2 protein chains.
Amino acid sequence: MNQATPIRPDYEGELRKAGVRITRPRKVILSILAEAGDHPDALEIFKRAVEIDSGISLSTVYRTMKLLEGVGAIHRHAFEGGPSRFEPAGVEHHDHLIDLDTGQVIEFHSERIEQLQQEIARELGYDIVHHRLELYGRKRRGKGLRGG
Amino acid sequence: MNQATPIRPDYEGELRKAGVRITRPRKVILSILAEAGDHPDALEIFKRAVEIDSGISLSTVYRTMKLLEGVGAIHRHAFEGGPSRFEPAGVEHHDHLIDLDTGQVIEFHSERIEQLQQEIARELGYDIVHHRLELYGRKRRGKGLRGG
DNA sequence: ACTTCAGTTGCAAACGATTTGCAATTGCAT
DNA sequence: ATGCAATTGCAAATCGTTTGCAACTGAAGT
């Protein structure tokens, strides 16, 4: 039920082909994204980047995220009330459940829901370009479950 | 398929009961919200408010929106890449389809999708506090349809 | 109607997230 | 190596929104 961080061996080559120049800061950021199992925001990426190369600036992180987003290498998610968070693209499409207490992001997918969305849009005379489905919730503390 | 702007005759009274003092600017803002068939953002509400009472400030609009949201009188929607937009509460729960070309917001509801969301959350061990389902699309320009 | 005072306002400044201008730097094709 | 456009870091600017503060006002009491 989880992603497998599919880092193709020549990710950089692909990007270069897409017209992205592989600079030092971008290398660092890419490596961070590749390893990230969570959905870090720009500041978090910046912090992790600085650990590797102290010269990197936050602006560069933002610029790089925008660039990668444009090339389709990453997805940007603007969850409720927080900064944008990113995840490498290339994983199957999925939606998100956000743990309101921890901020943890859990991925899920429902083909059935996707279908229903299509139907609804069609009925309204629209083509879906993309959608956003986010569930905001708390760990169930029902019987039989140890409290978190 | 649309809302009926359910303005209970004593809306102000209700608010007062909720501990909200009915001031001049709030009266104006409330009247705007009651009439709004669209989903205006704070600036738009401010503009409409100024037409009625030129003394109103944008801060007051923001403060009032936050207050009304807290009391449950309105809902705030942070659609993609734009400022928050508001709508009076009290209408049946619904999700939104946003026209990418016009920004127009179309409301819809699918009990089936709601159910599926519940199921998914439950399977993941969560209780849904609330969710966000937004479809971003364009008017279908398929055969047989006049271009819009 | 008059007083009272906490709640509310307008203004301007502060805010957090993000973008941008610019001069200095650096990939990478030659 | 060389050259130049792409990229960088920095600081300042931007956008939407919030906040401190002194002046004002709703509404409860007289």
Side-chain angles (χ1 to χ4, degrees), chain A residues 10-32 39-47 49-71 73-86 103, chain B residues 10-32 39-47 49-71 73-86 103:
Chain A
D10 193 21
Y11 195 51
E12 293 187 0
E14 282 183 41
L15 287 175
R16 201 179 280 108
K17 226 165 277 175
V20 175
R21 191 178 279 191
I22 304 301
T23 66
R24 175 179 255 290
R26 283 180 188 168
K27 266 202 185 88
V28 174
I29 292 171
L30 283 171
S31 77
I32 290 169
H39 295 63
D41 59 38
L43 188 57
E44 178 60 34
I45 293 171
F46 169 66
K47 285 180 190 160
V50 167
E51 302 248 311
I52 303 175
D53 179 337
S54 62
I56 290 174
S57 80
L58 183 54
S59 333
T60 294
V61 172
Y62 275 111
R63 276 191 280 235
T64 301
M65 300 325 283
K66 175 157 283 189
L67 178 97
L68 294 178
E69 191 189 359
V71 172
I74 63 170
H75 290 312
R76 169 195 302 262
H77 301 292
F79 298 132
E80 236 170 41
S84 291
R85 299 172 63 169
F86 306 90
Chain B
D10 193 21
Y11 197 51
E12 293 186 0
E14 283 183 40
L15 287 176
R16 200 178 283 110
K17 224 165 278 175
V20 177
R21 191 177 281 192
I22 304 302
T23 67
R24 174 180 258 288
R26 284 179 187 168
K27 266 202 184 89
V28 174
I29 292 172
L30 283 171
S31 76
I32 290 169
H39 294 64
D41 59 39
L43 188 57
E44 177 60 32
I45 293 171
F46 169 65
K47 284 179 190 160
V50 167
E51 303 249 310
I52 303 175
D53 179 337
S54 62
I56 290 173
S57 80
L58 183 53
S59 333
T60 294
V61 172
Y62 276 110
R63 276 191 279 233
T64 301
M65 300 325 283
K66 175 157 283 189
L67 178 96
L68 293 178
E69 191 189 359
V71 171
I74 63 171
H75 290 313
R76 169 194 302 259
H77 302 293
F79 298 133
E80 237 170 41
S84 291
R85 298 171 64 170
F86 306 89

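These numbers were taken from a predicted model, which means no experiment stands behind them. Numbers restart at 1 for each chain; the letters A, B, ... are given by sequence-line order, proteins then strands.
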Whole angstroms only, please: what is the [atom1]-[atom2] distance between [X] and [N]?
{"X": "B/Phe79", "N": "D/dG16", "atom1": "CZ", "atom2": "P", "result": "16 Å"}
{"X": "A/Asp41", "N": "C/dG16", "atom1": "CG", "atom2": "C1'", "result": "12 Å"}
{"X": "A/Phe86", "N": "C/dA17", "atom1": "CZ", "atom2": "P", "result": "12 Å"}
{"X": "A/Glu80", "N": "D/dG16", "atom1": "CD", "atom2": "C1'", "result": "17 Å"}
{"X": "A/Ile29", "N": "D/dT7", "atom1": "CD1", "atom2": "P", "result": "13 Å"}
{"X": "B/Phe46", "N": "D/dG16", "atom1": "CZ", "atom2": "C1'", "result": "14 Å"}
{"X": "A/Leu58", "N": "C/dT20", "atom1": "CG", "atom2": "P", "result": "14 Å"}

### Task
Kindly express the pairing pattern of DNA chain C in dot-bracket notation, using | wherever a base pairs with another strand and counting only Watson-Crick or G-U pairs under 3.5 Å.
||||||||||||||.||.||||||||||||
### Query
Where along residues 49-57 of chain A does a heavy atom fall under 4.0 Å from DNA chain D?
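Residues of residues 49-57 of chain A under 4.0 Å from DNA chain D: A/Gly55, A/Ile56, A/Ser57.
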## Note on the structure
So salt bridge (Lys or Arg N to Asp or Glu O under 4.0 Å) across residues 52-67 of chain A, not counting sequence neighbours, yields A/Arg24-A/Asp53
What distance do [X] atom [atom1] and [Y] atom [atom2] have between them, rounded to the nearest 0.5 Å?
{"X": "A/Lys47", "Y": "A/Ile45", "atom1": "NZ", "atom2": "CD1", "value": "12.0 Å"}
{"X": "A/Ile56", "Y": "A/Arg26", "atom1": "CD1", "atom2": "CZ", "value": "11.5 Å"}
{"X": "B/Lys27", "Y": "B/Leu15", "atom1": "NZ", "atom2": "CG", "value": "11.5 Å"}
{"X": "B/Tyr62", "Y": "B/Ile29", "atom1": "OH", "atom2": "CD1", "value": "12.0 Å"}

## Note on the structure
salt bridge (charged side-chain N to carboxylate O under 4.0 Å, His left out) filter on A/Arg21, not counting sequence neighbours, yields none
### Message
Holding to salt bridge (charged side-chain N to carboxylate O under 4.0 Å, His left out), I want the full list of residues that pass it with B/Glu69, two or more places apart in sequence or in another chain.
### Response
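With sequence neighbours excluded, B/Glu69 shows a salt bridge (charged side-chain N to carboxylate O under 4.0 Å, His left out) to B/Arg76, given in chain and number order.
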#### Entry: Set of side-chain contact (heavy atoms from CB on, under 4.5 Å) partners for B/Ile52, sequence neighbours left out
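So B/Ile52 forms a side-chain contact (heavy atoms from CB on, under 4.5 Å) with B/Val28, B/Ser31, B/Ile32.
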### Query
Does A/Ala78 have any side-chain contact (heavy atoms from CB on, under 4.5 Å) partners at least two apart in sequence or in another chain, and if so, which?
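In terms of side-chain contact (heavy atoms from CB on, under 4.5 Å), with neighbours along the sequence ignored, A/Ala78 is linked to A/Ser84, A/Arg132.
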### Message
Could you work out, with ring pair (Phe, Tyr, Trp, His ring centres under 6.0 Å) as the rule, every residue matching A/His77, not counting sequence neighbours?
### Response
A/Phe79, A/His96
### Task
Return the residues of residues 61-71 of chain B meeting this criterion: a heavy atom under 4.0 Å from some atom of DNA chain C. Order them by number, or give none.
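Only B/Arg63 qualify.
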Looking at every heavy atom in both [X] and [Y], which two are closest together, and how far apart are they?
{"X": "B/Val71", "Y": "B/Ala18", "result": "CG1-CB, 3.8 Å"}
{"X": "B/Asp41", "Y": "B/Pro83", "result": "OD2-CG, 3.5 Å"}
{"X": "A/Phe86", "Y": "A/Ile74", "result": "CD2-CD1, 3.7 Å"}

### Contact check, side chains of A/Leu68 and A/Leu30, non-hydrogen atoms, under 4.5 Å
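In short, these two side chains touch, coming nearer than 4.5 Å.
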Can you check nucleotides 12-15 of chain C for protein contacts, nitrogen or oxygen pairs under 3.5 Å, and list what you find?
unit_1 : atom_1 : unit_2  : atom_2 : d
C/dA12 : N6     : B/Ser59 : OG     : 3.4

Any N/O pairs under 3.5 Å between the protein and nucleotides 24-28 of chain D? List them or say none.
unit_1 : atom_1 : unit_2  : atom_2 : d
D/dG26 : N3     : B/Arg21 : NH1    : 3.3
D/dA27 : OP1    : B/Ile22 : N      : 3.1

### Summary
Sequence neighbours excluded, the answer for side-chain hydrogen bond (donor to acceptor under 3.5 Å, both in side chains) partners of A/Ser57 is A/Thr60
### C/dG27 OP1/OP2 closer than 4.0 Å to side-chain N/O of A/Arg26
no
